[in-house]
Amino acid sequence: MSHRISDWLQSHWKEILLWVPFAWLLFFFLTPFFIVIKISIAEPLIASPPFSALLEWGDGLLPGVSATIDNYAYLWEDPLYVKTYFNSLQIASVCTVFCLLIGYPMAYGIVRANGNWKLILLLLVMLPFWSSFLLRVYAWMGILADQGTINDVLLWLGLIDKPVRLLYTEFAVYVGIVYTYLPFMILPLYANLEKLDFSLNDAAADLGARPTTTFFTVTVPLTWPGIVAGCLLVFIPATGEFVIPDLLGGGNVLMIGRVLSSEFNANRDWPVASAVAVVLLIVLVVPMMLYHRVQAHESNS
Amino acid sequence: MSETSPLISIRGITKSFGNFIAVDNIDLDINEGELFVLLGGSGCGKTTLLRMLAGFEKPTSGTISIEGSDMTGVEPYARPVNMMFQSYALFPHMSVERNVGYGLKREGVARAERKKRVDEMLEMVELEQFSKRKPHQLSGGQRQRVALARCLIKRPKVLLLDEPLGALDKRLREQTQFELMKLQDRLGTTFVVVTHDQEEAMTLATRIAVMDQGKFVQVGTPAEIYEMPQSRFVADFIGSINMIDGVVKSISGNTLTIHAESDDANYTVESNDQIEIGDQVSLAIRPEKIHVDAYDADNNSNPSEQKSDNTDKTDNRFIGTISEMAYLGGTSTLRVTTRGGRVFQVTSTNRKRHLTGKHDLDWDDQVEISFSPSNAIVLKS
């Protein structure tokens, strides 16, 4: 009997090993997701929990189902939500582009640096992860505030007479997001550029390509998977970002993460908050599928 | 030197990396249509020199000019040379067709013209049916031909080849060697080849430069390099050779008698070099230039048919024993230990079939070896 079990384990250990993370994701990702979907089709109540039950057990054999799409309709009807979604996507897109423009040369520089320098530079990229994300955002508040570092320096230099408003603007949100997500752009790009055979650059130059042509015809196509991975790693979390717009943007910057939070906490309207979350997820599934396809393509070739 | 000015003219070129001097003050002219081979061990500076010709490395000092125009400060993409890389450096994301057409596209050649020339080139290297494939779908030999086609389509004045056959297996390498030579002959393009493989160098080259520690040790035709090495390094590096150190004892005309102390023997050799009595010299003799004959101890005569051309009194004749023997099919390599205790490496051609497995000569046989004075080389040590 025990023989049989050990034989079975012997021949199936790979499947078992694969099932562990799969089961983990199934339970800890899909379960909450279905709960959120369930709440999003309920009606708000002043009760605990503050929403109606999906199934009403009455006298009959089958429970009565009470579901509504009112919450979704409400999101569609109120222009605030549509505008906020677009605003979030726009901020996330612009930040992704800036991260790419800053991150690509940095990753390239790190790859081309020699031995010791490479290690130090990589360490510097990862260094911010060693302190709390929240703490770093607070630090930016200190830097951007009216009496903050930037304004102090500008005043001292005599370039301005009164503090420039930096904190609680869209600009502050851009700075915060680009700063926070830059490592997520640099690391996949670095991993990709590191594998690049630089004799290909020599070959392109030898065949008559100027450095910019070489970059766009050889380097970019070959690091495309890294570019896509980096962009998605920045874009997806940036779209739903809550802390940065809340702390650096104040009330002036509309982002979907903040709206979700205030629906949930201030309005105590869990069904609408859940609907906001579900729609956000659907909006983000598209780029995630894209990411998946590129990855599958890469592993194929 | 030919009357026309050389295609490539290198003057006093030096390249150092920090304290390390990779290429040390080299002068060289390469003429149009030559197949010039830079030969040397790893780290001798041959690849650095090639990369300076391509423009990837800037010389520390000295100049390179191609067709009379100075190449100093000319970027790689503007030079009339193309390089075939050791790893081939094919663009992995492009099809064979696009790889080959890359250089033409950079020149701004129109699409139709480009297509025509790419097709022609692929036909020449016999890869027409692979034009849509990606490099990773090709064999090593096919990749090598794509790399070659990608360079040649630019119709360069000079084609630089870095270990062009290094990544191929032995059989394919031999075949490709001859294809390269045929191609070079047909196109008339000047080739500069870097290799560490002396056999490859001998086969391909019209001229060879043997490099060591950033300097040219000897430049000459394959035959000159092989038959008239000017230094121990070259003699040792190319093929195998027997080296005998000794002192010049007497000179008559161009014939020297050299006494070697280690086996207390006298050797006779011809040389036209300026040598005086008492000079320390090395005598070098190739294994295939030594005769070996069975030695009959009883009548002390030599039954060999080659008797006539080396019965001269000044011949270098020694009695010895075969201490080692390797049968290589076409030839056998013998090690003969003379009575004086010197070991000669001798190559003998197996002209007769040995059906019984018993050779004319065998281990521990007594033999007589001899070589003519004109076949030995005198190197001043």
Side-chain angles (χ1 to χ4, degrees), chain A residues 100 104 107-109 111-118 188-232 290-301, chain B residues 17-18 47 50-57 74-95 98-109 114 118 133-137 143 146-156 158-163:
Chain A
L100 183 62
Y104 202 106
Y108 199 93
V111 168
R112 291 316 286 263
N114 56 23
N116 271 338
W117 270 107
K118 189 183 273 190
L189 281 174
Y190 169 81
N192 211 264
L193 278 163
E194 178 71 7
K195 286 187 294 182
L196 192 70
D197 176 6
F198 280 97
S199 72
L200 296 177
N201 290 29
D202 282 349
D206 188 66
L207 294 167
R210 286 163 182 280
T212 42
T213 315
T214 303
F215 181 74
F216 286 109
T217 57
V218 176
T219 313
V220 169
L222 288 174
T223 49
W224 191 245
I227 294 172
V228 172
C231 285
L232 289 170
L290 205 79
Y291 180 45
H292 187 78
R293 265 189 54 185
V294 168
Q295 269 206 326
H297 182 79
E298 188 193 11
S299 55
N300 270 348
S301 61
Chain B
F17 300 100
T47 301
L50 196 76
R51 289 178 61 83
M52 283 195 282
L53 282 170
F56 299 131
E57 305 284 356
V74 178
E75 295 295 335
Y77 54 79
R79 294 193 182 204
V81 303
N82 283 107
M83 177 152 160
M84 196 180 113
F85 291 80
Q86 188 175 4
S87 62
Y88 309 143
L90 298 178
F91 304 124
H93 58 301
M94 293 181 197
S95 62
R98 286 186 58 211
N99 261 287
V100 176
Y102 188 88
L104 292 186
K105 197 167 179 182
R106 303 286 85 79
E107 282 175 23
V109 175
R114 209 160 69 214
V118 168
R133 296 242 185 125
K134 292 277 180 70
H136 69 94
Q137 295 165 310
R143 268 181 242 174
V146 176
L148 198 60
R150 191 176 67 173
C151 292
L152 289 175
I153 201 164
K154 297 269 291 178
R155 296 171 185 159
V158 183
L159 180 62
L160 309 170
L161 302 101
D162 189 4
E163 302 275 0

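Basis for what follows: all heavy atoms, side chains included, without hydrogens, waters or symmetry-related copies. Residue numbering restarts at 1 for every chain, and letters A, B, ... go by the order of the sequence lines.
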Does any backbone or side-chain atom of [X] lie under 4.5 Å from a heavy atom of chain A? Answer side chain, backbone, both or neither.
X	result
B:Leu90	backbone
B:Met84	neither
B:Phe56	side chain

>> I want to check something: taking the side chain as every heavy atom from C-beta on, are A:Val111 and A:Leu196 in contact at a cut-off of under 4.5 Å?
In response: no
> Do the side chains of B:Cys151 and B:Leu161 get nearer than 4.5 Å, heavy atoms only?
Replying inline: no
>> How long is the straight-line distance from CD1 of A:Ile227 back to CG of A:Leu100, given to the nearest 0.5 Å?
In response: 6.0 Å
> Does the side-chain contact (heavy atoms from CB on, under 4.5 Å) test come out yes or no for A:Leu193 and A:Tyr104, once each step is laid out?
Replying inline: CA-CA 9 Å; A:Leu193 278 163; A:Tyr104 202 106; 3.9 Å; yes
I'd like a table of all donor-acceptor pairs linking chain A to chain B (distance under 3.5 Å, no angle check), giving the atom names and the distance to one decimal.
| from | atom 1 | to | atom 2 | distance (Å) |
| --- | --- | --- | --- | --- |
| A:Asp202 | OD2 | B:Arg51 | NH1 | 3.4 |
| A:Asp202 | OD2 | B:Arg51 | NH2 | 3.1 |
| A:Ala205 | O | B:Tyr77 | N | 3.3 |
| A:Asp206 | O | B:Asn82 | ND2 | 2.9 |
| A:Asp206 | OD1 | B:Met83 | N | 3.4 |
| A:Asp206 | OD2 | B:Asn82 | ND2 | 3.3 |
| A:Asp206 | OD2 | B:Met83 | N | 2.6 |
| A:Leu207 | O | B:Lys154 | NZ | 2.9 |
| A:Arg210 | NH1 | B:Tyr77 | OH | 3.3 |
| A:Thr217 | O | B:His93 | NE2 | 2.9 |
| A:Thr217 | OG1 | B:Tyr102 | OH | 2.6 |

>> For A:Ala204 versus A:Val218, what's the shortest heavy-atom pair and its separation?
In response: CB-CG2, 4.0 Å
>> Set out, in order, the CA-CA distance, both residues' side-chain angles and the distance that settles side-chain contact (heavy atoms from CB on, under 4.5 Å) for B:Leu53 and B:Val81, then state yes or no.
In response: CA-CA 8 Å; B:Leu53 282 170; B:Val81 303; 5.9 Å; no
>> Atom CZ of residue position A:Phe198 - does it have more than 12 heavy atoms of other residues, nucleotides or ligands inside 6.0 Å?
In response: yes
